[in-house]
Amino acid sequence: MAGEERRFKIGYALLPKKENSFIRESLVNQAKSRGIDLVKIDRERPLVDQGPFDCVLHKLYGEDWKSQLEDFRSRNPGAVIIDSPDAIERLHNRISMLQVVSELKIENQSETFGIPKQIVIYDQETLFDKQAWELLKFPVIAKPLVADGSAKSHKMALVFNHEGLNKLKPPIVLQEFVNHGGVIFKVYVVGEYVKCVKRKSLPDVSEEKLNSLEGSLPFSQVSNLATHEKSDDKYYKMMHLEDTELPPQSFMTDIAKGLRRAMNLNLFNFDVIRDTRFGNRYLIIDINYFPGYAKMPGYETVLTDFFCDIMNRKEREVVVVEKH
Ligand SMILES: O=P(O)(O)O[C@@H]1[C@@H](OP(=O)(O)O)[C@H](OP(=O)(O)O)[C@H](O)[C@H](OP(=O)(O)O)[C@H]1OP(=O)(O)O
Ligand SMILES: Nc1ncnc2c1ncn2[C@@H]1O[C@H](COP(=O)(O)OP(=O)(O)O)[C@@H](O)[C@H]1O
Ligand SMILES: [Mg+2]
Ligand SMILES: [Mg+2]
């Protein structure tokens, strides 16, 4: 219609905590002003009975939701689902999550990247099996194998010696703890957009400290501690977050692009540490689907740009299909 702008409807299905942090008025308004209406999907009703939606944005788990999306896809072949549940599922297991990093090839002369040494342990006996330990040395981080967003899946332990293994509950991943100067880099990806920020992490463990420490130290979501917990804390001040240099942006962008293509995902972030033994070696330790974007300054513009981009691409594809 002449003079009338085409509007798009994006339905979102998020857990209440995510909805509260992500669906802010500022985002809704900015999207609206650029022709995109963000509409909440009612979880009490079948998805196929709602809409019509040009796009579905979601971070929900479980078979029921997956089959609802499949029904929706078959009845609305023109709609875009961000992102595919099968692609997201790869991130729910801490082994398959990082496998894709090992397969990535990036040409770079000055920096290298990879993942820390790690093994997966399914039962208590294997925990104490000498052979399993040939690859690893203490300290290690024990992480639940499953990464499904539950509080349990974030409960980790820094393990200093064999004694510390007793408390662990397989299935777990044991990953070499790599000294990295107490600062972690979080690389946020939104389609083609890539933003790297610094966050606090665990402090380095010296050989000396390692020998004096007892068994293990449990922790959870260390990079997400509230601001007051950080600022009062002597330890946080010791970490010199401001003095830490960010990794080269082009290097992070290359990795992000490679991961995006290999995983077929648009919305994710990955955690990177810089190995203090080398200074130019980066290790990817975690990949998260649809992370806390609202913590990114100006997230409203980044996300709105992305929505517009997806919708324009969809329009172009429809035009091409119609022409043929
Ligand atoms: O809640 P937020 O904003 O802290 O976001 C969490 C992320 O924090 P980040 O953006 O990386 O600082 C968080 O990332 P980290 O675990 O801190 O690496 C996860 O992505 C978390 O989702 P889930 O519990 O793994 O499903 C994210 O939680 P949800 O918002 O998805 O519940
Ligand atoms: N291999 C490692 N070496 C050093 N520190 C690590 C390692 N793995 C994790 N960490 C620290 O533990 C935190 C939580 O681990 P992570 O794998 O990111 O779990 P989550 O999914 O709960 O964020 C990281 O943000 C980082 O501070
Ligand atoms: Mg993490
Ligand atoms: Mg994670």
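Heavy atoms only: backbone and side chains are in, while hydrogens, waters and symmetry mates are out. Indexing begins at 1, ligand by ligand and atom by atom, following the structure's order.
Of all the atoms in ligand 1, the ones that sit under 4.0 Å from a non-hydrogen atom of Pro291 are 10 (O), 20 (O). Residue Asp271 approaches ligand 1 through these ligand atoms, each under 4.0 Å from one of its heavy atoms: 18 (O). With ligand atoms numbered from 1 in the order given, ligand 1 contributes 12 (O) to contacts under 4.0 Å with heavy atoms of Arg199. Interface atoms of ligand 1 facing His154, defined by a heavy-atom separation under 4.0 Å, are 16 (O), 23 (P), 24 (O), 25 (O). Distances below 4.0 Å separate heavy atoms of Gln221 from the following atoms of ligand 1: 16 (O). Atom numbering of ligand 1 starts at 1 in the shown order; those under 4.0 Å from a heavy atom of Tyr61 are 26 (O). Residue-ligand proximity, Asp286 to ligand 1, at heavy-atom distances under 4.0 Å covers atoms 18 (O).
The atom of Asp286 nearest to the Mg ion (ligand 3) is OD2, with the search restricted to N, O or S atoms. In Asp271, the N, O or S atom that comes nearest to the Mg ion (ligand 3) is OD2.
Ligand 1 lies less than 4.0 angstrom from a heavy atom belonging to Tyr188. By the 4.0 Å heavy-atom criterion, Phe268 is excluded from the residues contacting ligand 1.
The distance from the NE2 atom of His58 to the CG atom of Leu69 is 5.0 Å, given to the nearest 0.5 Å. In this structure, Ile141 CD1 and Gln175 CD are separated by 6.5 Å, a value rounded to the nearest 0.5 Å. From Leu217, atom CG reaches atom CG of Leu202 across 7.5 Å, with rounding to the nearest 0.5 Å.
No close placement of the Trp65 and Phe72 rings is indicated, their centers lying 6.0 Å or farther apart. Between Phe138 and His162, the gap from one ring centroid to the other is short of 6.0 Å.
A side-chain contact (heavy atoms from CB on, under 4.5 Å) with Phe53 is found for exactly one of Asp37, Val80, Leu47, namely Leu47. For the salt bridge (charged side-chain N to carboxylate O under 4.0 Å, His left out) test with Asp54, the passing option among Arg313, Arg7, Lys9, Lys314 is Lys314; the others fail.
Taking distance alone, with nitrogen or oxygen atoms compared against 3.5 Å, Ser21 stays at or beyond that limit from ligand 1. Ligand 1 has a nitrogen or oxygen under 3.5 angstrom from a nitrogen or oxygen of Asn288.
Note on Leu259 and Tyr193: same hydrophobic cluster, where clusters join Ile, Leu, Val, Met, Phe, Trp and Tyr whose side-chain heavy atoms are under 4.5 Å apart, directly or indirectly.
Counting only N and O atoms by type, the side chains of Ser150 and Asp148 include a donor and acceptor under 3.5 Å apart. Under 3.5 Å, the side chains of Asp123 and Thr126 contain a donor-acceptor pair of N or O atoms.
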May I have the step-by-step check of ring-ring contact (aromatic ring centres under 6.0 Å, His included) for Phe22 and Phe290, ending in yes or no?
-> CA-CA 10 Å; Phe22 183 76; Phe290 204 149; 5.0 Å; yes
Given side-chain hydrogen bond (donor to acceptor under 3.5 Å, both in side chains), test Gln249 with Thr253 step by step and report yes or no.
-> CA-CA 6 Å; Gln249 171 73 24; Thr253 303; 3.2 Å; yes
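The aromatic rings of Phe113 and Phe251 stand perpendicular to each other, their planes meeting at an angle above 60°, with 30° marking the opposite boundary.
Residues of the protein with a heavy atom under 4.0 Å from ligand 2 are Arg94, Pro116, Ile141, Lys143, His154, Met156, Gln175, Glu176, Phe177, Val178, His180, Ile184, Ser201, Leu202, Phe219, Val222, Asp271, Ile273, Ile285, Asp286, listed by chain and number.
For atom 21 (C) of ligand 1, the nearest non-hydrogen atom from the set Lys17, Lys18, Lys59 belongs to Lys59.
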